[in-house]
Engineer: 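Shown below is the structure under consideration.
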Amino acid sequence: MRNTLIIEGGAPLNGQVRVSGAKNAALVLVVASILADGETILDNVPRISDMEYLLQILNDIGVKTRWQDDSSLSICPPDGELKTRTSYELAKRLRASNLLLGAMLGRQGEAVVSLPGGCDIGSRPMDLHIKGVQALGAEVKLEHGYIYAHAKKPGGSRVYLDFPSVGATENIIMMAARTPGQSVIENAAKEPEIVDLANFLNSMGARIRGAGTDIIKIEGVEELRAGRYAIIPDRIEAGTYMIAAAISGGEILVENVIPTHLHPVVAKLQETGTIVEENDRGIIVRGTGRVKPVDIKTLPYPGFPTDMQSQMMALLSMAEGSSVIVENVFENRFQSVDELKRMGANIKVEGHTAVVEGVNRLHGARVRATDLRAGASLVLAALAADGCTEIEEAGHIFRGYENIETKLTSLGAKLK
Ligand code: UD1
């Protein structure tokens with residue numbers, strides 16, 4: 001697999017780019033499809049390597065999947081039971097494989113889920129997922145790197161999440177959708193991807209109310225009917241191209257977006273002096289030269305997304321002054337800092353806080369993508385840097401950005 005991305009910086013990016021379906025919605029909706037009987041068709045599914053890994057896991061436990069075209073995917077679970085155990089070899093590549101916990105429990109009352117891998121952005125425990133499924137009647141034990149869960153007599157219940165975890169909220173929704181009685185999630189995650197999951201399940205006959213608020217109520221139903229559903233656009237991919245316009249001093253129309261999902265990013269970009277306008281085709285972003293510094297705090301939605309923090313850091317590393325970035329969601333999400341410094345950035349990290357002293361210019365260097373969004377921040381920095389940047393381990397970037405090379409090239413980036 002190609003694993004190095006070489007970018008010649010300095011060209012302003014201009015034109016239009018169409019955003020793909022949301023990675024984080026697509027992964028959970030594909031998994032949730034096993035809760036229904038029969039063939040589900042999902043449209044607007046991004047063909048990224050995280051999706052390919054997930055499909056391998058599903059195929060391994062007995063689910064048939066088939067691409068109908070570039071973005072429509074057919075998912076067909078068998079009439080009988082699925083293999084309960086996910087393979088460690090496959091699951092370690094993809095953190096989202098942990099979503100099989102709730103889906104398998106909802107479908108057949110049993111799951112053996114490997115403790116997951118994925119981006120190395122700090123400790124990613126599963127205590128809240130486990131607390132949730134236990135409240136709904138699952139017995140859980142952890143052994144040899146696996147979660148063994150079994151629900152003999154599941155029943156609806158009330159779960160309070162200490163932190164509004166996206167994955168835990170999704171797992172509980174999926175199990176509760178087919179668990180008899182009413183379940184209530186308090187302090188639930190409010191991300192748009194949660195709303196998409198609830199809308200999808202409701203389109204198949206589930207009874208979920210309150211998704212998008214911090215209290216979600218689910219009346220379990222006996223069965224769900226498979227159907228067809230289109231996934232929301234990827235707000236993080238959209239935000240990344242918006243920053244590409246700002247950092248390169250170009251003008252990009254970002255198409256296929258839901259503007260409300262992007263409000264936290266738009267607000268911060270406007271504070272930097274970047275021009276952002278909505279029209280009926282999407283969002284237009286115009287870079288205006290060196291940006292103003294701004295302070296950022298990542299928070300659960302509708303706060304500023306942790307998944308956009310690294311990309312914003314790349315932009316602020318060339319601001320006219322100093323910015324403070326506080327990372328409140330993940331503990332180890334400043335991994336691009338050392339790589340950005342290799343390109344001339346001036347950033348100091350103390351615990352959860354990074355102080356970014358803007359510099360006049362970045363210069364090309366050999367750098368390494370340590371995780372998906374850190375990789376995206378290096379791409380952005382490379383677009384603005386003088387000379388050539390060689391990004392190693394670019395496979396991390398392809399995990400989450402569909403056709404990034406084609407999309408950037410069509411905007412005028414010089415890629416090798
Ligand atoms: C999802 C997204 C990821 C995004 C993140 C936060 C997917 C596939 N991934 O990840 O891109 O960055 O939401 O928006 O949708 N936590 C616990 N105990 C738990 C679960 C989580 O303490 O049982 C903590 C985590 O360590 C982390 C925080 O909660 O500090 C947020 O994690 P969570 O919202 O669960 O993120 P993911 O669902 O893993």
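Whatever order the structure lists them in is the order used to number ligands and atoms, beginning at 1.
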Engineer: Evaluate whether atom OH of Tyr146 has more than 12 neighbouring non-hydrogen atoms of other residues, nucleotides or ligands under 6.0 angstrom away.
Structural biologist: yes
Engineer: Just which atoms of ligand 1 are under 4.0 Å from any heavy atom in Val329?
Structural biologist: 27 (C), 28 (C), 30 (O), 31 (C)
Engineer: To which of Gly167, Gly303, Gly132 does the heavy atom nearest atom 38 (O) of ligand 1 belong?
Structural biologist: Gly167
Engineer: For the residue pair Glu277 and Arg286, establish whether any side-chain heavy-atom pair is separated by less than 4.5 Å.
Structural biologist: yes
Engineer: Can you figure out which of Pro164, Pro125, Ala168 has its heavy atom closest to atom 19 (C) of ligand 1?
Structural biologist: Pro125
Engineer: Should the pair Lys141 and Tyr148 be classed as cation-pi, given the thresholds of under 6.0 Å to the six-membered ring centre and 45° from the axis?
Structural biologist: yes
Engineer: What donor-acceptor contacts under 3.5 angstrom involve side-chain atoms of residues 214-225, with partners at least two apart or in another chain?
Structural biologist:
{"unit_1": "Glu219", "atom_1": "OE2", "unit_2": "Gln182", "atom_2": "NE2", "d": "3.1"}

Engineer: Quick one: do the Thr240 and Gln311 side chains pair a donor with an acceptor below 3.5 Å?
Structural biologist: yes
Engineer: Say whether Asp307, considering both its backbone and side-chain N or O atoms, lies within less than 3.5 Å of an N or O atom on ligand 1.
Structural biologist: yes
Engineer: Below the 3.5 angstrom mark, is there an N/O of Glu170, backbone or side chain, next to an N/O of ligand 1?
Structural biologist: no
Engineer: Could you tell me if the side chain of Leu161 sits less than 4.5 Å from the side chain of Thr169, heavy atoms only?
Structural biologist: yes
Engineer: Would you please determine whether Ala189 falls within less than 4.0 Å of ligand 1 on a heavy-atom basis?
Structural biologist: no
Engineer: Report the part of Val166 (side chain from C-beta onward, or backbone N, CA, C, O) that has a heavy atom under 4.0 Å from ligand 1; answer both or neither where that applies.
Structural biologist: both
Engineer: Could you tell me, atom by atom, which parts of ligand 1 come under 4.0 Å of a heavy atom of Phe163?
Structural biologist: 28 (C), 29 (O), 31 (C)
Engineer: Assess, by modelled atom type and distance only, whether the side chains of Asn59 and Thr65 contain a donor and an acceptor separated by less than 3.5 Å.
Structural biologist: yes
Engineer: Using a 4.0 Å heavy-atom cut-off, say whether His129 meets ligand 1 through its side chain, its backbone, both or neither.
Structural biologist: both
Engineer: Check each atom of ligand 1 against the heavy atoms of Arg333 and keep those under 4.0 Å away; list them by number with element.
Structural biologist: 12 (O)
Engineer: Indicate yes or no: does an N/O atom of Ser165 lie under 3.5 Å from an N/O atom of ligand 1?
Structural biologist: yes
Engineer: Pairs of nitrogen or oxygen atoms closer than 3.5 Å, one from Phe330 and one from ligand 1: do any exist?
Structural biologist: no
Engineer: By the ring pair (Phe, Tyr, Trp, His ring centres under 6.0 Å) test, which pairs, at least two apart or in different chains, include something from residues 172-201?
Structural biologist: Phe200-Tyr229
